[in-house]
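Remember, it's 1-based here, ligands and their atoms both numbered in the order they're listed.
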Amino acid sequence: MTAVVRIRDLEVAYGSVRILEGISLEIRKGEILALVGETGSGKTTLAMALARMLPPGAAVRGYVEVDGWAIYDLPVPVLRSLRGRLIGLVPQDAMAALNPVLPVGAQVAEVFQVHLGLSASEAWARAVEALARVRIPRPEQAARLYPHQLSGGMRQRAVLAMALALNPPVLIADEPTTALDRLTQGEILALVRRLQAESEIAVLWITHDIGVVAALAHRVAVLYAGRLAEVGPCAEILSAPFHPYTEALVRTYYDLINGPRGEPLYAIQGYPPSARDRPSGCPFHPRCPYRQEICQDRFPEILQRGERIVACYFPRGNAR
Ligand SMILES: Nc1ncnc2c1ncn2[C@@H]1O[C@H](COP(=O)(O)OP(=O)(O)OP(=O)(O)O)[C@@H](O)[C@H]1O
Ligand SMILES: [Mg+2]
């Protein structure tokens with residue numbers, strides 16, 4: 001399958017603090033890749049690096065390609081005009097992504113005016129279509145509403161409509177459903193799967209919720225302390241994780257939904273390290289039940305097993 005996004009040896013640092021290191025990853029046409037990891041692991045940094053939207057203090061090294069464009073080689077004006085067409089972005093907080101003093105239809109219409117040079121009335125008609133595409137009921141009326149007049153789920157749909165307006169080949173969604181109730185969250189996930197299957201868009205879905213990964217993703221990339229621990233097909237990773245960290249994440253999740261009541265739930269020992277204070281070697285070693293001396297010396301070489309990769313000296317299952 002063709003890769004729409006190619007990331008090679010990406011590194012992001014703020015001063016002497018390395019946030020991401022050694023990230024190589026592809027997102028393929030027509031797939032939903034879930035990026036999962038604990039808070040502070042660098043998920044948002046990775047998403048923003050991909051769109052070249054990190055703040056000026058960030059030092060970025062490595063190669064990022066989106067739909068054939070080497071993002072960090074583009075002159076800034078070209079990047080500005082291209083980014084909206086290449087990458088649709090749904091941030092975590094839909095309210096913050098919307099302008100509170102403009103009706104949502106006008107905000108979607110603006111995308112068509114700015115990027116396609118459409119007239120106000122043409123742009124409005126396209127905006128109503130875009131709202132209909134994300135299954136907002138009565139889109140003509142809804143387009144006239146202000147963000148605060150919409151429910152959380154409808155606001156997420158409006159932001160999704162804006163992100164998809166120019167039919168970008170890539171959609172990045174940064175934990176967009178965490179603030180929603182489970183039912184609304186499920187509706188948004190079902191919608192994204194449907195839209196994604198219709199349009200073959202490549203999706204990077206950021207989450208810390210394995211339940212969301214299981215419901216949505218084709219492939220999973222597990223990030224731990226700024227490093228990729230494991231990447232591979234979703235079903236394989238959930239049923240037979242290679243990395244001890246993934247194993248712990250998956251076990252915590254299945255315990256929560258299947259575990260007998262009254263029994264203590266499985267929980268990963270310790271806390272994720274802060275970016276300023278990451279352990280040597282494999283950053284997971286202080287919390288890892290299988291650690292041996294070598295784990296604190298050097299970051300492990302990355303093992304490739306068919307469609308899967310893992311960075312661990314002592315992987316689980318049949319990785320060895
Ligand atoms: N502008 C910045 N300057 C310095 N450090 C930053 C900056 N932005 C992020 N960081 C640091 O980078 C690390 C990763 O942050 P990031 O927001 O990418 O994590 P995340 O995985 O998205 O977490 P969360 O699940 O909480 O959203 C954190 O330690 C954070 O403090
Ligand atoms: Mg984040």
Modelled atom types, side-chain donor and acceptor of Glu175 and His208, under 3.5 Å: yes
When you check the side-chain N and O atoms of Glu230 and Thr246, is any donor under 3.5 Å from an acceptor? yes
Take atom CZ of Arg8 as the centre, draw a 6.0 Å sphere, and report whether it contains more than 12 heavy atoms from other residues, nucleotides or ligands. yes
Cluster link Phe299 to Ile19, ILVMFWY, side chain under 4.5 Å: no
For residues Asn99 and Pro147, report the shortest heavy-atom separation together with the two atoms involved.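 So the two residues come closest at O-CG, 3.4 Å.
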Any donor-acceptor N/O pair, His243 side chain to Ala311 backbone, under 3.5 Å: yes
Could you pull out the N/O/S protein atoms under 2.8 Å of the Mg ion (ligand 2), ignoring any water? Thr44 OG1
Please lay out, stage by stage, how Ser274 and Asp277 fare under the test side-chain hydrogen bond (donor to acceptor under 3.5 Å, both in side chains). CA-CA 5 Å; Ser274 88; Asp277 198 15; 5.2 Å; no
Show, in sequence, the C-alpha distance, side-chain angles and deciding distance for Phe284 and Tyr224, and conclude whether the ring-ring contact (aromatic ring centres under 6.0 Å, His included) test is met. CA-CA 7 Å; Phe284 188 59; Tyr224 187 83; 5.1 Å; yes
Sub-4.0 Å heavy-atom environment of ligand 1, residues by chain: Tyr14, Ile19, Glu38, Thr39, Gly40, Ser41, Gly42, Lys43, Thr44, Thr45, Pro55, Glu175, Ala275
Test side-chain contact (heavy atoms from CB on, under 4.5 Å) applied to Leu25 and Leu33, Val64, Leu50, the passing residue: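 Output: one option passes, namely Leu33.
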